[in-house]
Amino acid sequence: MNTLSYKTVSANASTVNKEWVLVDADGQTLGRLASKVAKLIRGKYKPNYTPHVDCGDNVVIINAEKINLTGKKWTDKSYIRHTGYPGGQRSLTATEMFDKDPTRLIEKAVKGMLPKNKLGSALYRNLYVYAGSEHKQAGQEPKAINLNDYK
């Protein structure tokens, strides 16, 4: 037998089936939620996962204001940025960032778990985070899922 009886199927933009998924962040831990959402956006839960293709789902996260952080992360976790000027390093604690905009905690956590290249930037655009329970993607009819069912 000189031929293979199977072929590896590689997904591309025309063969990918992207879905809309709704995730409720109420009572979820930030890091665990972010890692599962990053896998959903990347498409790693799908059987036709291809590393160099955007084959993941579009994820809508609601209730970002009800997220949990364990331990003393509310006061000890710091988010550092730089203005671009000398001596321009600024930092915010998780509490300060949460008070400004609760959605940014989840957005930064998920973005940090995506690839740092053009594909990662494209994947990040598939994430929609809302502080309350109302969202603008009702027209896409996202399917509500329970993240605790995923590994």
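The basis for the numbers below is simple: all heavy atoms, side chains too, and nothing from hydrogens, waters or symmetry mates.
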message = Using only atom types and a distance under 3.5 Å, with no angle test, would you say the side chain of Arg42 pairs donor to acceptor with the backbone of Pro51?
response = yes
inquiry  = With a 4.5 Å cut-off on side-chain heavy-atom distances among I, L, V, M, F, W and Y, is there a chain of contacts connecting Val60 to Leu114?
reply    = no
task = Write out all pairs satisfying ring-ring contact (aromatic ring centres under 6.0 Å, His included) with one or both partners inside residues 57-78, taking only residues at least two apart or from two chains.
result = Trp74-Phe98
query = In the hydrophobic cluster built from side-chain contacts under 4.5 Å, what are the other members alongside Tyr49?
reply = none
query = Can you find a heavy atom in the side chain of Pro102 that is under 4.5 Å from one in the side chain of Ile67?
reply = no
request  = Any chance you could pull the hydrophobic cluster mates of Ile80, using side-chain heavy atoms under 4.5 angstrom and chaining through other members?
outcome  = none
Within residues 81-99 or reaching into it, pairs that qualify as side-chain hydrogen bond (donor to acceptor under 3.5 Å, both in side chains) - sequence neighbours excluded = none
message = If hydrophobic clusters are built by linking Ile, Leu, Val, Met, Phe, Trp and Tyr wherever their side-chain heavy atoms come under 4.5 Å apart, do Trp20 and Ile62 end up in the same one?
response = yes
inquiry  = Restricting to side chain to side chain donor-acceptor pair (under 3.5 Å), what partner residues turn up for Lys77, sequence neighbours left out?
reply    = none
request  = Treat each ILVMFWY residue as a node, draw an edge where side-chain heavy atoms are under 4.5 Å apart, and state whether Tyr124 and Tyr128 are in one component.
outcome  = no
request  = Not counting sequence neighbours, which residues clear side chain to side chain donor-acceptor pair (under 3.5 Å) with Thr70? List them please.
outcome  = Lys73
task = Could you tell me which residues satisfy ring-ring contact (aromatic ring centres under 6.0 Å, His included) with Tyr130, sequence neighbours excluded, listed by chain and number?
result = none
task = Would you mind listing every side-chain hydrogen bond (donor to acceptor under 3.5 Å, both in side chains) that reaches into residues 103-117, with sequence neighbours excluded?
result = Asp101-Thr103
Side chain to side chain donor-acceptor pair (under 3.5 Å) partners of Ser14, counting only residues at least two apart = Asn12
task = Treating Ile, Leu, Val, Met, Phe, Trp and Tyr as nodes and any side-chain heavy-atom pair under 4.5 angstrom as an edge, say whether Ile106 and Leu69 lie in one connected cluster.
result = yes
ask   = Can you name the one residue among Asp57, Val110, Asn58 that meets side-chain contact (heavy atoms from CB on, under 4.5 Å) with Ile41?
value = Val110
Enumerate, atom names and distances included, each donor-acceptor pair closer than 3.5 Å involving a side-chain atom of residues 21-31, sequence neighbours excluded.
from  : atom 1 : to    : atom 2 : distance (Å)
Asp24 : OD1    : Asp26 : N      : 3.2
Asp24 : OD1    : Asn63 : ND2    : 2.7

message = Tell me the closest heavy-atom pair linking Ala64 and Val129, and the distance in Å.
response = CB-CG1, 3.8 Å
Partner residues of Lys18 under the side chain to side chain donor-acceptor pair (under 3.5 Å) criterion, sequence neighbours left out = Asp54
query = After noting the C-alpha distance and the side-chain angles of Asn126 and Val59, does the key distance pass the side-chain contact (heavy atoms from CB on, under 4.5 Å) rule?
reply = CA-CA 6 Å; Asn126 296 333; Val59 179; over 6 Å; no
key: ILVMFWY cluster, Met97 and Leu127 together (side-chain gap under 4.5 Å)   = yes
Identify each donor-acceptor pair in which a side-chain atom of residues 140-151 lies under 3.5 Å from a protein atom, sequence neighbours left out, and give them as a table.
from   : atom 1 : to     : atom 2 : distance (Å)
Asn146 : OD1    : Asn148 : N      : 3.2

